[in-house]
2 protein chains.
Amino acid sequence: MIQPEILCQSPIFRGISPNDLQELFRQIHYQVKTYQKNDLITMAGDVCDRLLIIQEGSVKAEMTDYSGKTIKIEDMAAPWPLATAFLFGKENRFPVTVSATSDVEMVSIPKPEFVKMLQLNALILNNYLNTISSRAQFLSQKLKFLSFKTIKQKIAHYLLEKAGDRLQTVEVQQSQGQLAEMFGVTRPSLARTLGEMVQEGLIETDRRFIKILDKNRMNQLLMG
Amino acid sequence: MIQPEILCQSPIFRGISPNDLQELFRQIHYQVKTYQKNDLITMAGDVCDRLLIIQEGSVKAEMTDYSGKTIKIEDMAAPWPLATAFLFGKENRFPVTVSATSDVEMVSIPKPEFVKMLQLNALILNNYLNTISSRAQFLSQKLKFLSFKTIKQKIAHYLLEKAGDRLQTVEVQQSQGQLAEMFGVTRPSLARTLGEMVQEGLIETDRRFIKILDKNRMNQLLMG
DNA sequence: TTTGTAATGTAACGAATGTTACAAACTGAA
DNA sequence: TTCAGTTTGTAACATTCGTTACATTACAAA
């Protein structure tokens, strides 16, 4: 029923041979459920007490707002695991409604069985811990970035991070537009702020190359 | 050397009896290190390849900015674990410099040994997974909150979340000032916006009680 | 070279929010 | 009650940023 060659491509089972994976699944209880296109797989608010991995097909995650309208959040396809961040932790309910966008095969492992799996295989344990930890780290970085209120601060943080120790010209790979989107601001606002920083003697710009002229004053911007 | 009665208060060892914990520690390699006040414990950038738990005393975490100045981030005391989010994941380096603010005893468990521990004891495994997952969930919530640009949106989201299904008066436990801090805005701005929403017929306010009058229009605010 | 398209610089205006200041209302203790 | 401290309402002004529009520059294909 399970397809080890597919599942071992999943971030959780990465590095495990299909044979070992097959053997592992023999030691635990699990289900393989099939869904047809447009079938509901989980509802927002459902308790998340089992690990779900897409073995075949693709699904979409939607969120219902308070007035009942649905907004698509994400598309996922095999061999991806669903909602790994909500299997453990305080708030272990699905935040989204998941439904099939094609015929789907889903491997469902009850939480206690998955815990057993983690104990049986150190590689899976590491993979899973890495998955959640990386997510937390990613979110933490993103949050730190958003904590800078002004565009000037965001630019300063970005450039100082990118420059590291060296007092050199930084090459920005992205266009102004992409940079603006990353900062969550509009393109003209970014351009204006860059212009202001040039006038203030903080930086020099030449197309995609930016030179930091006054590291100390840049830092002071980040303090407020 | 280790003090099981203290360590089992730690979120990671919660629910384990001191005896069981003692027995567990017998099966793995670990160190107990002592530091004097003001000693450096870890430097920002150090590879985080061991779990550190404060067994006695207190420490502070500081971050060095790009110009070399240090900013205090956090204070921690026994029996708290350090940097649980950085033991696994892609970026497993300490983001902060940790130093002792009193005489400190620190239990140091190498990562492979801690993994062994997780495999030996399902409760510790659950505790650790819960710790990281809760953190990711917390950050995710915070991030979602910050994604609302205007104060009106933040208020709407907060109230709708708090109200749930019922169309009732919501009691806000916090003062306007605390609420403002939570939203990352200033108190007068929050008060002004609340006033505007009253005038627009969206809500009614009476001290710490807020009544939602028009749920649909509140939702439309969140769409933009 | 010419030409079209994308990227960039710039300006004017308006909306949202911060800043500062002060008055009114509430709260709890003397 | 009275009074001090806290919370809340409100106003004027400054700042930041988004919006829109347009000119300029770079770049690559014809």
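So that the names make sense, note that chain A is the first sequence line, chain B the second, and so on, each numbered from 1.
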Between [N] ([atom2]) and [X] ([atom1]): distance, integer Å:
{"X": "A:D206", "N": "D:dT25", "atom1": "CG", "atom2": "P", "value": "14 Å"}
{"X": "B:L190", "N": "D:dT8", "atom1": "CG", "atom2": "P", "value": "9 Å"}
{"X": "B:L194", "N": "D:dT7", "atom1": "CG", "atom2": "P", "value": "16 Å"}
{"X": "A:Q174", "N": "C:dA7", "atom1": "CD", "atom2": "P", "value": "13 Å"}
{"X": "A:E196", "N": "C:dT8", "atom1": "CD", "atom2": "P", "value": "18 Å"}
{"X": "A:F209", "N": "D:dA26", "atom1": "CZ", "atom2": "C1'", "value": "14 Å"}
{"X": "B:Q153", "N": "D:dG18", "atom1": "CD", "atom2": "P", "value": "14 Å"}
{"X": "B:R187", "N": "C:dT17", "atom1": "CZ", "atom2": "C1'", "value": "14 Å"}

Strand partner of D:dA30, provided both Watson-Crick or wobble distances fall under 3.5 Å: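 Looking at the geometry, D:dA30 pairs with C:dT1.
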
Basic-acidic side-chain contact under 4.0 Å: B:E171, B:R208: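 No, B:E171 and B:R208 are not salt-bridged.
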
If you find the nucleotide of DNA chain D closest to A:T193 and the one closest to B:S175, which residue's nucleotide is nearer the 5' end?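 Counting from the 5' end, the first nearest nucleotide belongs to B:S175.
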
Would you classify [X] as touching base, sugar-phosphate or nothing, given that sugar-phosphate means primed atoms plus P, OP1 and OP2, and contacts are heavy atoms under 4.0 Å?
{"X": "B:I151", "answer": "sugar-phosphate"}
{"X": "A:T186", "answer": "base"}
{"X": "B:K152", "answer": "nothing"}

Check whether the ring centres of A:Y128 and B:F88 lie less than 6.0 Å apart, and answer yes or no.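 No - the distance between ring centres of A:Y128 and B:F88 does not fall below the 6.0 Å cut-off.
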
Could you say whether A:K149 or A:G177 is positioned toward the 5' end of DNA chain C, judged by the nucleotide with the nearest heavy atom to each?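 That would be A:G177.
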
Which residue, A:P188 or B:R192, contacts DNA chain C at a nucleotide closer to its 5' end, judged by nearest heavy atom?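 Of the two residues, A:P188 wins.
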
Distance-only donor-acceptor check, side chains A:Y158 and A:K162, under 3.5 Å: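 The criterion, which ignores hydrogens and geometry beyond distance, is satisfied for A:K162 and A:Y158.
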
Would you tell me whether A:T84 and A:T131 have side-chain atoms, one donor and one acceptor, within less than 3.5 Å of each other?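 The answer is no; no qualifying pair exists.
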
Return the nearest nucleotide to the side chain of A:V185; candidates are D:dG18, D:dT16, D:dT8.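 Among the listed nucleotides, the one closest to the side chain of A:V185 is D:dG18.
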
So, OP1 or OP2 of D:dC17: does either fall under 4.0 Å of a side-chain N or O from A:S189?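 It does not, given that no N or O in the side chain of A:S189 lies less than 4.0 Å from OP1 or OP2 of D:dC17.
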
A:L118: which of A:N126, A:I124, A:N127, A:L129 passes side chain to side chain contact (heavy atoms under 4.5 Å, CB included):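 Testing each of A:N126, A:I124, A:N127, A:L129 against A:L118, the sole residue satisfying side chain to side chain contact (heavy atoms under 4.5 Å, CB included) is A:I124.
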
